[in-house]
Amino acid sequence: MPPSFADVILPVPIPKMFTYRIPRSLESSVGIGYRVIVQFGKKKVLTGIIGKVHKKPPKEYEAKPILDLLDDYPVVNPLQIKFWFWMAEYYCCHIGEVMNAALPTGLKLSSESKIQLNPKFDFVSNEFPIDDREQVILDALESKDELSYEDCGKLLGVKSSYAIIKSLVLKEAVLVYEQVKEKYSPKVESRIKLTEPYTSSKEELEKLFEQISKKPKQEEILLKYLQEVPVHKFPEKNKNGLDKKTITDAGLSLSSLKTLIKNKVLEEFKVVISRFDELAGYDHPIELADFQEEGLQNIKTEFEQKQTVLLHGITGSGKTEIYIKLIQEVLESGSQVLLLLPEIALTTQIVSRLQKVFGSQMGIFHSKYSDNERVEVWQGVLSGRFSFVVGVRSSVFLPFDSLGMVIVDEEHEASYKQFDPAPRFQARDAAIMLSWLHQSKTLLGSATPSFESFYNARMKKYGYVHLNKRFGEAQLPEYHLSDILVDKKKNLLKLDFTRLMREKIQEALNQQEQALIFQNRRGYAPYMSCEECGWIPECEHCDVSLTYHQYSEEMRCHYCGFKEKVPRACPACGSHKLTTVGMGTERIAESLSLLFPEARIGRMDLDTTRSKYAYQKILEDFGAGNLDILVGTQMITKGLDFDRVTVVGIVDADRILYFPDFRAGERAFQQITQVAGRAGRRNRHGSVVIQTRKPDNDIFHQIIQGNYEHFYINEMSERQRFFYPPFVKTLKITTKHKEIKIAERASKHLSNLLKDIPVKKIILGPEKALIGKIKNQYLFDILIKLDKSNNAPALFKHELAMVLEELKSQKDFKSVRFTVDVDPY
DNA sequence: AGCACGCCGACT
DNA sequence: GTCGGCGTGCTC
């Protein structure tokens with residue numbers, strides 16, 4: 001038998017797999033998707049995933065052997081591997097980067113170099129002298145068995161301890177070895193149980209009680225145990241024992257418990273438990289209104305023809321109920337279901353709603369979950385415990401093996417697109433691909449579909465179902481446009497609130513109703529400015545002004561996290577007249593508390609929801625009526641469904657509308673409609689107040705009339721004329737370097753090379769990026785608009801990859817970073 | 001991305 | 001003189 005080889009995917013940004021030899025001993029037990037340990041480079045040990053198994057020995061090098069197998073089952077299935085490769089190709093990144101994003105951290109291992117004393121080392125008759133710094137390391141190793149390179153560096157106060165360690169190795173004083181650590185640790189519970197003979201014989205137990213009658217604390221524990229676990233009535237219950245916590249929580253003595261264990265009366269044992277509670281789903285039937293039932297039937301009919309269906313349902317039309325029906329059917333047929341939600345909707349009512357129906361067969365995949373929790377969701381899908389997962393963007397990577405349906409709720413949400421580390425994927429689009437690989441169906445749901453999806457629906461690529469009724473007696477809210485400039489002239493603008501806005505909020509407060517105030521900017525004020533000379537504090541490392549955060553008395557950069565104290569005086573002219581310009585949520589909340597001193601005001605934005613349950617806490621407070629007004633960013637537009645909200649205020653609609661991006665209009669329509677949808681659900685009618693400087697902008701009237709289609713047609717003619725998506729495919733390449741000249745030159749050079757690629761396209765730029773400098777790196781953008789026909793995008797990407805490889809190998813551009821963003825936002 | 005090797009400046 | 005800065009090349 002010739003030897004077998006495995007192409008292993010490793011978490012390194014190199015565009016290929018690495019071929020390793022499969023040792024005979026592992027030959028029968030490995031395959032695609034297994035986690036393996038391999039040596040990479042001189043000593044680094046990494047975990048990788050087998051992407052392919054074959055018999056072709058590599059010609060140019062000797063393959064190293066696979067060192068070990070981590071599990072006795074594949075962690076990733078072949079469908080996922082296909083999906084990874086598709087993603088790497090489509091989003092122009094490396095397979096290792098996809099793997100990195102796909103595997104929960106807990107399943108990734110990497111080794112750490114450790115040093116230990118060489119037991120053979122003879123300190124006395126040592127032929128080489130040990131210097132002071134080496135001695136420090138050796139002394140430290142006297143008390144600790146092992147040290148990492150980092151520990152050594154800290155000990156010596158130097159950045160790199162490499163040279164010293166190398167010298168010690170040479171002198172044979174220490175040994176270097178690699179330690180791989182499994183990051184995932186199961187949650188264990190300590191339990192106790194009664195030992196023999198006390199379990200089987202009542203007499204023995206009685207004897208025992210006599211013996212310990214003088215030790216009341218021990219007696220107490222024993223009584224507690226027997227009360228919780230009636231051993232003699234139900235002998236089998238002893239096997240499972242009792243959680244140790246039950247004893248300690250009852251305030252009983254831990255040391256007495258230890259004595260009982262030491263005396264072999266009780267026995268301690270450990271069990272692995274789940275991090276998720278078992279919840280029973282109630283099977284209460286979901287009642288659909290006639291129009292929802294009709295929608296459901298239409299979806300099914302569309303699915304007969306199309307793989308993907310767009311469900312266009314206005315806010316309050318009850319899309320969730322339709323989802324539930326569909327999910328139930330798919331689950332009953334034995335297939336799996338994935339429901340994608342935008343991150344910020346995941347902690348809300350929809351999840352608890354679903355949990356009530358689906359109980360513990362439903363897994364939740366959160367971005368705030370710990371690494372261990374993520375591994376458990378992963379394992380849960382693998383083992384079949386979860387046949388249904390509700391999750392964020394990254395849950396498309398879970399190890400499903402037989403998806404029957406993927407639902408993407410709020411399909412238009414920009415947060416489905418990942419920007420920063422590669423893969424820069426759009427989860428909605430990836431979900432459609434994933435679903436296709438499973439030969440399953442995809443349902444996209446939205447009240448304000450993305451133009452891409454709506455376009456696909458109109459082109460008959462997707463099926464289309466429209467729900468335009470609201471459930472129950474819910475009415476659409478009444479819109480009011482409030483002109484900021486008019487009020488300002490008449491001196492009616494108080495603390496940035498127009499008279500109409502203040503009146504509406506006051507009315508709500510008078511009626512014990514609630515108000516939601518939307519402002520898409522966190523912090524106190526976007527920036528500060530000197531009244532005398534116009535100086536504006538800017539970030540030292542980025543090309544942006546610093547945001548003023550009042551609460552922490554700081555100026556912060558939202559791009560690199562840089563912060564500094566608020567300047568006392570203007571460094572340019574010495575003036576003390578520094579004022580804040582513009583408004584963030586923090587300032588809005590402050591203004592409201594001045595305008596409505598009696599109101600209880602809450603704020604919800606990135607700064608107030610950093611901790612795991614902060615979001616839920618604020619929502620619960622609001623839901624319970626402990627708050628009258630909630631101020632927030634986008635976060636408040638999602639999944640909130642509170643009866644008492646009758647007023648929704650948009651403080652600065654122009655900020656959304658006049659954004660330098662071709663999608664600004666689309667986004668404004670979506671955002672305003674979404675926030676507005678929070679007003680007056682059920683039988684109360686609500687008001688939406690929009691503050692703007694240009695109330696006659698046509699877009700407002702289309703939003704008010706809810707005329708999505710009209711709006712769409714208008715905007716699309718513009719997009720067609722100027723070659724914007726969805727008429728073309730776009731691709732953005734950012735060039736980054738710490739020297740502006742080099743960054744610019746590299747970008748120019750690249751754009752010239754791209755011009756030669758024989759594909760129908762438009763190349764724009766290079767141009768200084770919107771934010772020209774971030775973290776001391778200068779950025780230049782090239783935007784490419786690709787013809788969608790004839791496979792042009794794929795051809796172009798292929799050529800691009802080669803051009804980039806070539807460019808990177810030129811020595812002038814060695815340290816230049818290129819990032820490719822396909823379908824950027 | 002790490003990590004090792006190699007070639008130059010500022011210090012005991 | 002050396003330490004240690006980081007530029008460059010390589011990883012099956």
Side-chain angles (χ1 to χ4, degrees), chain A residues 3-23 26 30 34 36-68 88 93-103 105 108-115 129 131-134 136-137 148-150 152-154 156-170 176-180 420-423 736-739 742 746 776-777 804-820:
Chain A
S4 298
F5 296 91
D7 291 345
V8 178
I9 305 168
L10 293 174
V12 287
I14 303 163
K16 58 175 180 179
M17 296 197 277
F18 294 84
T19 308
Y20 286 86
R21 184 168 51 77
I22 302 174
L26 296 177
V30 298
Y34 279 80
V36 290
I37 297 185
V38 293
Q39 192 180 59
F40 186 69
K42 284 231 163 73
K43 51 180 219 164
K44 195 87 193 158
V45 180
L46 296 173
T47 4
I49 298 272
I50 296 184
K52 196 179 165 188
V53 177
H54 58 86
K55 295 263 172 200
K56 239 174 34 216
K59 290 186 192 83
E60 273 118 71
Y61 51 87
E62 179 81 17
K64 285 182 185 171
I66 287 174
L67 297 179
D68 211 349
C93 66
H94 305 131
I95 189 70
E97 292 173 313
V98 179
M99 180 179 79
N100 241 343
L103 288 182
T105 327
K108 287 179 276 193
L109 316 164
S110 82
S111 68
E112 195 182 14
S113 297
K114 293 274 175 89
I115 61 167
D131 73 23
D132 288 355
R133 298 209 294 186
E134 289 167 4
V136 171
I137 303 286
S148 68
Y149 278 37
E150 208 191 332
C152 294
K154 268 190 214 143
L156 300 167
V158 292
K159 262 192 184 170
S160 159
S161 53
Y162 173 69
I164 295 141
I165 291 168
K166 196 176 161 188
S167 153
L168 280 168
V169 172
L170 221 68
V176 177
Y177 65 101
E178 295 291 308
Q179 193 180 60
V180 236
D420 209 17
K736 189 163 84 174
H737 196 268
K738 61 176 188 294
E739 280 174 64
I742 296 181
N776 288 322
Q777 303 264 327
L804 284 177
E805 280 310 305
E806 191 191 309
L807 213 56
K808 277 185 216 162
S809 65
Q810 283 178 27
K811 60 174 176 298
D812 303 16
F813 302 139
K814 273 277 153 57
S815 50
V816 178
R817 307 235 59 101
F818 299 96
T819 50
V820 182

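Below, chain A is the first sequence line, B the second, and so on; all start at residue 1.
Looking at heavy-atom distances under 4.0 Å, A/Glu60 makes no contact with the nucleic acid at all.
Between A/Phe40 atom CZ and B/dA1 atom P the separation is 13 Å, expressed in whole Å. In this structure, NZ of A/Lys738 is placed 9 Å from C1' of C/dC6, rounded to the nearest angstrom. Distance NZ (A/Lys808) to P (C/dG7): 19 Å, rounded to an integer number of Å. A/Phe818 has its CZ atom 17 Å from the C1' atom of B/dA1, to the nearest Å. Residue A/Ile95 contributes atom CD1, which lies 17 Å from atom P of B/dA1 at whole-angstrom precision. Atom pair A/His54:NE2 and C/dC12:C1' shows a separation of 10 Å (rounding to whole Å applied). With rounding to whole Å, A/Arg817 atom CZ is found 13 Å from C/dT8 atom C1'. Between the CZ atom of A/Phe813 and the P atom of C/dT8 there is a distance of 13 Å, rounded to whole Å.
Checked against side chain to side chain contact (heavy atoms under 4.5 Å, CB included), A/Lys42 has no partners two or more places apart in sequence or in another chain. Scored by the side chain to side chain contact (heavy atoms under 4.5 Å, CB included) test, A/Asp7 finds A/Met17, A/Thr19, A/Lys52, A/His54 as partners (sequence neighbours excluded). With sequence neighbours left out, the side chain to side chain contact (heavy atoms under 4.5 Å, CB included) criterion links A/Asp68 to A/Ile37. Scored by the ring-ring contact (aromatic ring centres under 6.0 Å, His included) test, A/Phe813 finds A/His749 as partners (sequence neighbours excluded). Under the rule for a salt bridge (Lys or Arg N to Asp or Glu O under 4.0 Å), the partners of A/Lys808 that lie at least two apart in sequence or sit in another chain are A/Glu805.
Proximity of residues 9-23 of chain A to DNA chain C (heavy atom under 4.0 angstrom from any strand atom) is restricted to A/Ile14, A/Lys16, A/Phe18, A/Thr19, A/Tyr20.
Comparing C/dC12, C/dT8, B/dA1 by their closest approach to the side chain of A/Lys814 singles out C/dT8. Considering only side-chain atoms of A/Lys42, the nucleotide from C/dG7, B/dC5, B/dA1 that sits closest is B/dC5.
Using a 4.5 Å heavy-atom threshold, the side chains of A/Ile49 and A/Val8 count as separate.
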- [ ] May I have the step-by-step check of side chain to side chain donor-acceptor pair (under 3.5 Å) for A/Thr819 and A/Lys736, ending in yes or no?
- [x] CA-CA 8 Å; A/Thr819 50; A/Lys736 189 163 84 174; over 6 Å; no

